[in-house]
Amino acid sequence: MNHLPIMPVMIPLIAGALLFLIGGRGGGLDRVIGVTATVALLPVALLLLQVAGTGQVMVYYDGNWSAPFGIVLVVDRLSALMLCLNALLALASLLYAITGDDRLGPRFHLLFQMQLLGINGAFLTGDLFNLFVFFEILLIASYALQFHGGGKVRVRATLHLVVLNLIGSSVFLIGIGAIYAATGTLNLADLAVKVAAAGTGQAGLLKTGGILLLLVFALKAALVPLGFWLPPAYSVACAPVAALFAIMTKVGIYAILRLQGLVFGPEAGPAASLFTPWLLPLGLITVVVATFGILASNELRRLLAHLVVLSAGTLTLTLGLDSPSAVASALFYLLNSTLVGGGLFLLADLIARDRGDAGTSFVTSQTVSSPLLLGSLFFVGAIGVAGLPPLAGFPAKLYLLQTAFLHPAGNWVFSVVLISGLLVVVALSRAGSAIFWRTGKAQKPATGIASLQSAATASLLLGSAALMIGAGVTTGYTQATAVQLADHTGYVEAVMENRGVVVLPAGQGGS
Amino acid sequence: MELILALLIGITTASAVFLLLRGHTFPIVLGLWLLGYAVNIFLFVSGGLTEGSAPLVEQGLEILPDPLPQALVLTAIVIGFGMSAFLIVLALRALGDLGDDGVDGGEK
C-alpha cells in the first residue's frame, strides 16, 4: 500500500508529539520543528495533487481494514487541491508567526500543528464519523489558538466560539446517529450506495440527519443566521492565526460540497438533492448581511472578518446553482479568496503595528512608516478580494456569473453579487484612504517590518496574481474536479472494490 | 423500552436546551454536559435496541448487538470529556479576566 495519502496527517502528528515532548521551552527548537513539518507538507500535497490530477482516486485503508468496516482516507482531485491550499496558507502564516507572534503565548507551534492535522484530516477522510473526529481536533486547536496572546476581548470571543461549536458538535453527532440508524454505515462511499438504494421508510431519518449535518457545516462556514460568531472572533485573533483561520470556513464549505456530491446527490433516492434548495437562499442572505457588515466596520480587521463571511456566502450560493460548472467556478473562487483573505489579515497586522495606538481603526493618525510597501500590498489585496481585473478575483466572479446566467434564479445572483461587489469596493477604498491618506501627526520613527513578515504577506496576496497567470491550468483542474464530483462512481468503486487487504506470501512483513 | 429511552433522550435534551439558554457560564457548562449525555444515548440506540442480549458476542445467541455505536459513543465520550474540561478552564479564566460569569461578558 502506498503510504503517501496518510502523510498530511502523520507529519503534523509526529511534529506535534515531538513538540509536546521536547518543545515548549521557548527556545528556537519549537520553531525549527514547526517550520520543518509545515514545509514538508508542501511537497507531499504537491505529489498528491500530481497523482490525483491524473484522475486516479487514491484510497488508504487505516490498519488495512477493508472498507466499509475500517476507516479510509481518500484522495481525489478535490482533497488534493484543498491539501495544497492548506499547505501554502499554513506555511505563510507560520513564517509570519516566527517573527515573534509565536512567543505571545505557550505552545503555539504544538497547537498550530494540531490545527493542520485536523484540517488535513477533514479534507482526507472518507468516513462520516472520522470527519467528526477531525473536526473536533481542528476545533480544539482553534479554541486555544483563538485565545493565543490572551486579553479580555480574546477571552470573550473564545468563550462564544467554544460554546457554539460544542453545541454544533452535539448536533453533528445526532445527525450521524440518525444517518447510521437509517443506513447502518458511516463510510461515505458505502453511504452513497446505501442512500441511493434506501426505501421511503428510511427517508425521514435520512433527511433529518442530512439537514442536521448541513446545519453544522453552515455553522462552521459561518452562514447567516449561524455565522455571527465569526467577525468578533477573527477580528481579535492573533494575525497568523486569523490568516490560517481563513481556511476554516472553507472546511465547512468542503464538507457541504463533499456530501452534496457523494451522499445527497441527485440520484440519492429519497434524499436526492437534499442540500441544494437551501444553499442558494442561505448564500444570498449571507452575502447581503456580510456586505452590510463590511460597510459598517469601523476598523480593518473587522472588515476583513466580514469579507471571510462574504466569501463563504458567495461559495454557498455558487454551490446552490448545482451544476458542474458552478462547482468549478466555486473552487476557483475558493482558492483566490482563501489566499488573499489570509494575506490581508497579515497585512492588517503589519499596518496595526505601524500605526501604534490607532491600530487598524479608520481614524486620523500618524503616517505609516513604509507607505509604499504597505500601500501597494493593500492595493493588490483589495483588488484581489474585490474581484477587479487584472487579478484572479475577476475571472472567479466572471465564471460565477456565467454559470448563474443559465440558472432560473440567475437574476437574484446577478443583482446580489454585483451590488455587493460594488459596495465592497466602496468600503475597501474608504479603508485604504482612511489608513494611508488621512494622516495628521508627524511620523514616529519606524518600528521596522521584518522582511520575513512582508515576504509572507506578499506571497499570499500575490497568490491572486499567480492564480491569474496560471488561470488556464487552474480552471482546467477545477473543471476536472467538478466532473469527478458530479459522477461519484469512480470514488465509490475505488473505495469499495479495491479492498486494500494485501495477501502476502508467508514470511514477509507488512506492505 | 423504546418509549422509556425516547422520553429519556427527549427530557434530557429539553433540559439541556433550557440550561444553554441561560446567560451565565455555569448553567451552560451543565447544559452542554446534559446535551452530551442525551447525544450519547441517542448514538447508542442508533444501532437498534436488542433486549436480553450479550453486550458484544456470546455463542448461541441469535441476535447480536451492533458494536459500532458502542465504539462511536466511546469516542464521543472521550472528546466530550476533553471539551468540557477545556470549557470549564476557559470559563474560569473568563470569570477572572472579565470579572463576571455572563456569557456576553456582563453588562457595561
Side-chain angles (χ1 to χ4, degrees), chain A residues 68-71 111 114 118 127-130 132-144 146-147 150-187 205 208-209 212 229 232, chain B residues 9 12-13 16-17 20-22 24-25 27-29 31-49 66-69 71-73 75-80 82-106:
Chain A
F69 304 108
I71 290 169
L111 294 165
M114 290 298 116
D127 183 283
L128 199 54
F129 194 78
N130 209 215
F132 165 76
V133 174
F134 281 123
F135 262 76
E136 292 305 301
I137 295 174
L138 77 87
L139 281 174
I140 199 156
S142 78
Y143 303 153
Q146 171 77 51
F147 188 60
K152 282 187 183 183
V153 279
R154 288 196 182 121
V155 174
R156 192 170 305 170
T158 314
L159 194 64
H160 292 174
L161 187 75
V162 174
V163 171
L164 265 175
N165 277 302
L166 284 181
I167 299 171
S169 305
S170 300
V171 176
F172 200 161
L173 282 174
I174 297 173
I176 288 176
I179 287 179
Y180 183 75
T183 58
T185 184
L186 288 173
N187 181 298
L205 264 180
T208 316
L212 285 176
W229 58 268
Chain B
I9 296 170
T12 318
T13 311
V17 170
L20 282 174
L21 295 175
R22 308 282 91 191
H24 296 271
T25 45
I28 285 181
V29 171
L32 281 170
W33 267 352
L34 274 183
L35 192 59
Y37 287 130
V39 166
N40 287 338
I41 302 170
F42 181 80
L43 265 187
F44 187 72
V45 301
S46 68
L49 289 172
D66 189 345
L68 191 74
L72 300 187
V73 169
T75 316
I77 290 175
V78 173
I79 292 177
M83 293 291 183
S84 301
F86 182 79
L87 180 60
I88 292 170
V89 174
L90 185 69
L92 282 173
R93 177 68 185 262
L95 181 63
D97 277 8
L98 306 172
D100 190 307
D101 71 338
V103 181
D104 295 329

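In what follows, chains carry the letters A, B, and so on, assigned in the order in which the sequence lines appear, proteins first and then strands, with residues in each chain numbered from 1. Note that the structure is a prediction, hence the values are computed from the model and not measured.
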Considering residues, nucleotides and ligands other than [X], do more than 12 of their heavy atoms fall under 6.0 Å from its [atom1]?
{"X": "B/Phe44", "atom1": "CZ", "result": "no"}
{"X": "A/Trp229", "atom1": "CH2", "result": "yes"}
{"X": "B/Tyr37", "atom1": "OH", "result": "no"}

Would you call A/Phe129 and B/Thr75 a side-chain contact if the rule is heavy atoms closer than 4.5 Å?
->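 Side chain of A/Phe129 against side chain of B/Thr75, heavy atoms only: contact under 4.5 Å found.
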Check whether any side-chain heavy atom of B/Leu87 sits under 4.5 Å from a side-chain heavy atom of A/Leu159, and report yes or no.
->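 In short, these two side chains touch, coming nearer than 4.5 Å.
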Chain A contact via B/Thr25 - side chain, backbone, both or neither, heavy atoms under 4.5 Å =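 For B/Thr25, side-chain heavy atoms alone lie under 4.5 Å from chain A.
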Chain A heavy atoms under 4.5 Å from B/Leu72: which part of the residue, side chain, backbone, both or neither?
->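 Backbone plus side chain of B/Leu72, per the 4.5 Å heavy-atom cut-off to chain A.
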Quiz: residues 167-175 of chain A side-chain donor-acceptor pairs under 3.5 angstrom, not counting sequence neighbours:
residue	atom	partner	partner atom	Å
A/Ser169	OG	A/Glu136	OE1	3.4
A/Ser169	OG	A/Glu136	OE2	2.6
A/Ser169	OG	A/Asn165	O	2.8
A/Ser170	OG	A/Leu166	O	3.3

Region of A/Phe147 that comes under 4.5 Å of a non-hydrogen atom in chain B =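 Answer is side chain: those atoms of A/Phe147 sit under 4.5 Å from chain B.
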Please flag which part of A/Leu186 lies under 4.5 Å from any non-hydrogen atom of chain B: side chain, backbone, both or neither.
->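 The side chain, not the backbone.
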To the nearest 0.5 Å, tell me how far B/Asp97 CG sits from A/Arg154 CZ.
->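 Interatomic distance, B/Asp97 CG to A/Arg154 CZ, rounded to 0.5 Å: 12.0 Å.
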In Å, rounded to the nearest 0.5 Å, how long is the span from CD1 of A/Ile137 to CD1 of B/Ile79?
->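 With rounding to 0.5 Å, CD1 (A/Ile137) is 7.5 Å from CD1 (B/Ile79).
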What closest approach, in Å, do B/Ser46 and A/Gly177 show between heavy atoms, and which atom pair accounts for it?
->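 For B/Ser46 and A/Gly177, the tightest heavy-atom pair comes out as CB-O, 3.3 Å.
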If you take all heavy atoms of A/Tyr180 and B/Pro69, which pair is closest and at what distance?
->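 Heavy atoms only, the tightest pair is CE2-CG, 3.6 Å.
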Salt bridge (Lys or Arg N to Asp or Glu O under 4.0 Å) partners for B/Arg22, two or more places apart =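 With sequence neighbours excluded, B/Arg22 shows a salt bridge (Lys or Arg N to Asp or Glu O under 4.0 Å) to no residue whatsoever.
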